[in-house]
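The figures here come from the full heavy-atom set of this structure, side chains too, leaving out hydrogens, waters and symmetry mates. Everything quoted here is computed from the prediction, not taken from an experiment. We count ligands from 1, going down the list as the structure has it; atoms in each ligand are counted the same way.
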Amino acid sequence: MTDNVRRLDLRGQTLVASGFHAPVRGTIDWLEDALIAIDEDGLIVSVTRPGEAEYEMAKREAGRAGRLATLPAGTILLPGFVDLHIHAPQYAQLGRGLDVPLEVWLHRYTFPLEARYADTAFAGRVYRRLVDDLLANGTTTALYFATAHVEASNLLADICLERGQRALVGKVAMDDPAGCPDYYRDASPEASVESTRAVIGHIRAMPGNAKGRVLPVVTPRFIPACTDAALQGLGDLARDCGCRVQTHCSESDWAHGHVLARHGMTDAASLDRFGLLTAGGVLAHSNFLTADDMDLLVARKAAVAHCPVSNAYFAGSVFPLKAALEKGVRVGLGTDISGGPIATMLDAMRGAVMASRMLESGVDPDLPPEQRSSRAGARIDFRDAFHLATAGGGDALELPVGRFEPGCHFDALAIDCEAPQGGIRLWGTEAGDDLLQTILYTASRPNLARIWVGGAQVG
Ligand SMILES: O=c1[nH]c(=O)c2nc[nH]c2[nH]1
C-alpha cells in the first residue's frame, strides 16, 4: 500500500468518530458518533453530537462536499499523548544502566553517551528512530532535552518538524566544572546562554515552522550541573525571548540535598530566584517538593512532569501526586527516557496509577497495614492518569492539545481494538469507562492504528 492510500489526511474534513477524552480530571467524556469538523490548519472547529440540532444537516453537507471521513468499526478515538519529559539522546541506552544511583548513572553512562552527539550522523540516526517510535506509540506532543551541542539540538528540532511531531526542544545548558565532566560541558556561563540563544534562533527560523509546530525551550539541566551565573543568564534569556523553561527539580535525596547545601533553600525556591519558574514551564520529577514549593508552583503556573517509572529507579520516593493536584499544581506525565526504560505513555499512565497505590498503602510487609503508610487517599485511577497524559500535559505547556474541543489542534490516535497482534481483547460487554480502562491497561503498539498531528496523519 502506498502512503497516499494508507494515510488519512483530516485537514478540511469532518470526521465521524466515537472515542474518549478527559478535559476535566476525574471524569471521562464519551463521544459517540460525534462529528468533529477540522479546518485546513488542523484545528478543531466544532464537535457535534447526535441529537444536537445541527448534527444531521452538518453530516449531510460534509458528505455532499466529499469532506466526510469515517473510522472503521471497532476503532476508538483518543487524544494524542503529551510526554512532558524525554531525554532524546538517551534513547540509545534505553533499558540499560538502571542499577546505580542517579549521580553515578550520570557520570558512568549518561554523560559519556550524550558527549557522542558531537557526531551529528550518530545524532541523526538515533533521533529519527526515536521520533518515529514515539509517534507510533501515540506521543503527538513531546518535550525534549537534547544535549549540550548546538548542531545536534538543531537537528532534533529539524527531525521533529520533518516527521510532523509537535515538539519542544531544549539545548541542555550545563557549565559547572564541579558537576560536569571536562569532556562534556559548556565552556562558561556565557557559552551556556549564547548556545541556548543560537538554538532558539534556529528553531524559530526553521522553514515550515511559522506556526510553531516546534518550539524552543530554555533548558538548564539541573542546579547541580549549572553555575549561578548560568542559571541567572538563562532566566534572563527565557524572559527576553518569551521561551518556556524546563529543568529537573528535587528528584532524589542527593539532588535535593545538593541544592539545600549550596543555596540554603529548595530547588523550587532557588529556581524562582533566577526567573526559572514560569508559566508553561516544566519541572521534571519534583519528588521532594514541600507544601510551600507547591504553592510557589501554583503562583508561577509552572508544572511538574511526573515520571513514575523513572522515579522507581532514581528518586527513592514516590511523587505525592494527589497532594500536588489537590493544591492546584499543574501536573502531566513523562516517560523520562532513559531514566525510565520505556518509550510509551501507556506505561507512564499505568506506572502513575501503580505508584499512587503503593504510596497510599505503603510497601513494607513487616508493618501492620495501619502503620504502613501515612498517605491515606493518595491513589489516583485510570481516569486521572488519562487526563494527565492528555489534557493535563497540554495545560502544563499552555498548548491547545489533549482535548476534542473547538480551538484545539486535532492531535489524535485511532485505537484498533481488534488488531490481532495487539494486547486488547474485548468480549462484547465492555462499554463506557470500562472500555477505556481496558484500552489503557492492555493496548500495545499494534492497536495504535493511526496517529494524527494537526489533522495530518503522521503514523
Ligand atoms: O532522570 C534524570 N535524567 C537526567 O538525564 C538527569 N540529569 C540531571 N538529573 C537527571 N535526572
Side-chain angles (χ1 to χ4, degrees), residues 83-117 126 130 142-149 152-153 156 169-176 178-181 184-186 192 217-227 230-231 234 245-259 262 266-268 270-271 276 282-289 304-319 332-343 347-348 351 355:
D83 189 337
L84 285 188
H85 192 50
I86 304 164
H87 290 270
Q90 297 173 21
Y91 198 46
Q93 66 178 11
L94 194 74
R96 291 201 299 282
L98 295 169
D99 52 350
V100 291
L102 175 66
E103 60 277 25
V104 176
W105 175 80
L106 286 169
H107 287 269
R108 185 179 297 169
Y109 301 108
T110 300
F111 292 155
L113 170 63
E114 291 191 14
R116 290 182 58 197
Y117 286 73
V126 177
L130 170 67
L143 176 55
Y144 288 114
F145 277 60
T147 61
H149 312 97
S153 302
L156 175 60
V169 175
K171 179 253 171 228
V172 175
M174 42 191 289
D175 72 316
D176 193 342
C180 310
Y184 183 52
R185 69 160 182 264
D186 298 325
S192 280
V217 199
V218 170
T219 306
R221 184 170 204 121
F222 64 158
I223 291 175
C226 296
T227 60
L231 294 166
L234 292 163
V245 176
Q246 64 176 342
T247 188
H248 297 88
C249 174
S250 295
E251 177 178 0
S252 68
D253 289 299
W254 165 75
H256 184 61
H258 172 102
V259 181
R262 179 167 139 199
T266 63
D267 282 52
S270 184
L271 291 166
L276 292 165
V282 175
L283 306 177
H285 308 299
S286 307
N287 288 53
F288 296 94
L289 285 186
V304 170
H306 173 37
C307 306
V309 182
S310 164
N311 289 169
Y313 296 101
F314 291 126
S317 70
V318 172
F319 171 65
L333 298 182
T335 55
D336 190 22
I337 293 168
S338 68
I342 54 164
D347 279 324

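- With ligand atoms numbered from 1 in the order given, ligand 1 contributes 2 (C), 10 (C), 11 (N) to contacts under 4.0 Å with heavy atoms of L102.
- Of all the heavy atoms in A255 and E251, the pair that sits closest is CB-N, 4.3 Å.
- Atom numbering of ligand 1 starts at 1 in the shown order; those under 4.0 Å from a heavy atom of H285 are 1 (O).
- Annotation: H85 places no N or O atom under 3.5 Å from an N or O atom of ligand 1; distance criterion only.
- In this view, A355 and P308, V318 satisfy the side chain to side chain contact (heavy atoms under 4.5 Å, CB included) rule, not counting sequence neighbours.
- Annotation: S310 places no N or O atom under 3.5 Å from an N or O atom of ligand 1; distance criterion only.
- For atom 5 (O) of ligand 1, the closest non-hydrogen atom on the protein side is R221 NH2, 2.7 Å.
- Using a 4.0 Å heavy-atom cutoff, F222 is listed among the residues neighbouring ligand 1.
- For the pair E114 and ligand 1, the shortest N or O to N or O distance does not fall below 3.5 Å.
- The closest side-chain donor-acceptor pair between T110 and Q93 falls under 3.5 angstrom.
- Shown are I342, L130, V309; of these, the side-chain contact (heavy atoms from CB on, under 4.5 Å) with I337 is made only by L130.
- The distance criterion of under 3.5 Å between nitrogen or oxygen atoms is met by E251 with respect to ligand 1.
- Applying the 4.0 Å criterion to heavy atoms of L106 picks out, from ligand 1, the atoms 4 (C), 5 (O), 6 (C), 7 (N).
- Under the 4.0 Å criterion applied to side-chain N and carboxylate O atoms, R221 and D186 are not assigned as salt-bridge partners.
- For H87 and H248, the ring centers are positioned less than 6.0 Å apart.
- Counting only heavy atoms of the protein, atom 4 (C) of ligand 1 lies nearest to H87 NE2, 3.4 Å.
- The closest approach between any non-hydrogen atom of W105 and ligand 1 is below 4.0 Å.
- When side chains are defined from C-beta on, V259 does not count as touching S250, because their heavy atoms never get closer than 4.5 Å.
- Counting only heavy atoms from C-beta outward, the side chains of Y117 and V172 never approach each other to under 4.5 Å.
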